[in-house]
Number of protein chains: 2
Amino acid sequence: MLNQSTTLDLTFQALADPARRAMLERLSTGPASVSELARPFSMSMPAVLQHLAVLETAGLTLSRKSGRVRTCEINPQALSTAQDWLAARRAEWEHRLDRLEAYLIELQNKDQGNG
Amino acid sequence: MLNQSTTLDLTFQALADPARRAMLERLSTGPASVSELARPFSMSMPAVLQHLAVLETAGLTLSRKSGRVRTCEINPQALSTAQDWLAARRAEWEHRLDRLEAYLIELQNKDQGNG
DNA sequence: TCTACAGTTAAGCAAATGCTTAACCAATCA
DNA sequence: TGATTGGTTAAGCATTTGCTTAACTGTAGA
């Protein structure tokens, strides 16, 4: 098991490329072979393989080879680490904004009391 | 307004670096100056500036300069684009798994009927 | 068996990243 | 006014990334 920081590095890095996100979008509707994943792109096969390796290393996809066909699919546990991190950041600053708002309302009420 | 793909590229790319994530974590608890953000790192000032530029270009942070101090803060609208994309992917393949499960249960019931 | 298909490996290259040092500007403060 | 603080710019450099072409392996079908 890799540490949290490295997992996030690999995950966000993998998601930072439009070709890799397109592949993930395709895979999120069901498994696909390497050449099926390659089809929408005007990119050499080795380039596609490299993108798939990035996704798999990040733990976002899984693949198995049967005969001469390699079938790729989404790793069901994936994405959640990234989602969790984003949700945590969001929760923190929303909490802060809530407190700020509460403080400003409190100030306003005091002002009215003094007016 | 940039197109969706470019926004996602910049956002995920920005989030792919542990130093930038640490800065965002700090900022999610409230605004901070550049040198305050730099303090936890053994990194030159220009390096910190570059990380902050990446965050700001991705729209994840905002900053304003007053006197000689630049104050940075989270851009409240940020993160949501990334979160939305992740949530959509997740919804798609969970939907697919649900259908697969339903199909398998159906098969099982038919088998029992035939047994 | 021979041929085509699906995938893989290796080598190389241009551009992008993440960092450094050095020099510099502008706002405070003694 | 002169030193210090906070930030900025420019230039350079090693590494990584994303791609290419060329050569190759293993499987399947005629």
Side-chain angles (χ1 to χ4, degrees), chain A residues 2-3 5-27 30-73 82, chain B residues 2-3 5-27 30-73 82:
Chain A
L2 297 164
N3 74 49
S5 177
T6 304
T7 299
L8 283 173
D9 287 4
L10 292 174
T11 300
F12 284 129
Q13 182 61 48
L15 294 173
D17 186 281
R20 287 194 291 264
R21 286 199 307 276
M23 291 172 185
L24 268 187
E25 286 181 34
R26 165 62 190 83
L27 289 178
S33 71
V34 171
S35 37
E36 194 180 337
L37 287 170
R39 198 157 305 139
F41 299 100
S42 54
M43 202 189 293
S44 69
M45 207 55 168
V48 171
L49 262 305
Q50 279 168 33
H51 283 304
L52 290 176
V54 171
L55 289 171
E56 196 155 351
T57 303
L60 289 167
T61 61
L62 300 169
S63 76
R64 224 158 335 99
K65 194 166 177 177
S66 128
R68 62 184 175 180
V69 172
R70 176 175 296 279
T71 303
C72 306
E73 59 185 327
Chain B
L2 297 166
N3 74 48
S5 176
T6 304
T7 300
L8 284 172
D9 287 4
L10 293 174
T11 302
F12 285 128
Q13 182 62 50
L15 295 172
D17 187 281
R20 288 195 290 265
R21 286 201 306 278
M23 290 172 185
L24 269 187
E25 285 180 35
R26 166 62 192 81
L27 289 177
S33 72
V34 171
S35 38
E36 193 180 338
L37 287 170
R39 199 157 304 138
F41 300 100
S42 54
M43 203 189 293
S44 70
M45 208 53 170
V48 171
L49 261 306
Q50 282 169 30
H51 282 304
L52 290 176
V54 171
L55 289 171
E56 196 154 350
T57 303
L60 289 167
T61 61
L62 300 169
S63 75
R64 221 157 338 96
K65 194 165 178 177
S66 129
R68 62 183 174 178
V69 172
R70 177 175 295 279
T71 304
C72 306
E73 59 185 326

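For the numbers below, each heavy atom of this structure counts, side chains included, while hydrogens, waters and symmetry mates do not. In what follows, every chain begins at residue 1, and chains take the letters A, B, ... in the order their sequences are listed.
- Remark: P of C:dG18 and CG of B:Leu52 are 13 Å apart, rounded to the nearest angstrom.
- Defined by atom type and a distance below 3.5 Å, a donor-acceptor pair is present between the side-chain atoms of B:Arg70 and B:Ser63.
- Taking atom CZ on B:Phe41 and atom C1' on C:dG18, their separation rounds to 13 Å, with Å as the unit.
- Side-chain atoms of B:Cys72 and B:Val34, non-hydrogen and from C-beta on, do get closer than 4.5 Å to each other.
- Projected onto DNA chain D by closest heavy-atom contact, A:Gln50 and A:Ser66 fall at different nucleotides, the more 5' of which corresponds to A:Gln50.
- Straight-line distance from the CG atom of B:Leu49 to the P atom of C:dC19: 13 Å, rounded to whole Å.
- As rounded to whole Å, 9 Å separates atom P of C:dG7 from atom CG of A:Leu37.
- Here the straight-line distance linking atom CG of A:Leu27 with atom CG of A:Leu52 works out to 7.5 Å at 0.5 Å rounding.
- The distance between atom CE of B:Met43 and atom C1' of C:dT17, rounded to the nearest whole Å, is 13 Å.
- Looking at B:Leu37 and B:His51, their side chains never come closer than 4.5 Å, going by heavy atoms from C-beta outward.
- Between the base of C:dA27 and the side chain of B:Arg68 there is a donor-acceptor pair shorter than 3.5 Å.
- Among the protein residues, A:Ser44 comes within range of the nucleic acid bases, having at least one heavy atom under 4.0 Å from a base atom.
- Atom C1' of nucleotide C:dG7 and atom CZ of A:Arg70 are separated by 8 Å, given to the nearest angstrom.
- In summary, contact between chain A and DNA chain D, defined as any nucleotide atom under 4.0 Å from a heavy atom of the protein, begins and ends at D:dG18 to D:dA28 in the 5' to 3' direction.
- Taking atom CG of B:Asp9 as the reference point, atom P of C:dA16 lies 13 Å away to the nearest angstrom.
- Atom-to-atom distance recorded for B:Gln50:CD and B:Met43:CE is 10.0 Å, nearest 0.5 angstrom.
- A 4.5 Å side-chain heavy-atom check between A:Arg21 and B:Leu8 finds at least one atom pair inside the cut-off.
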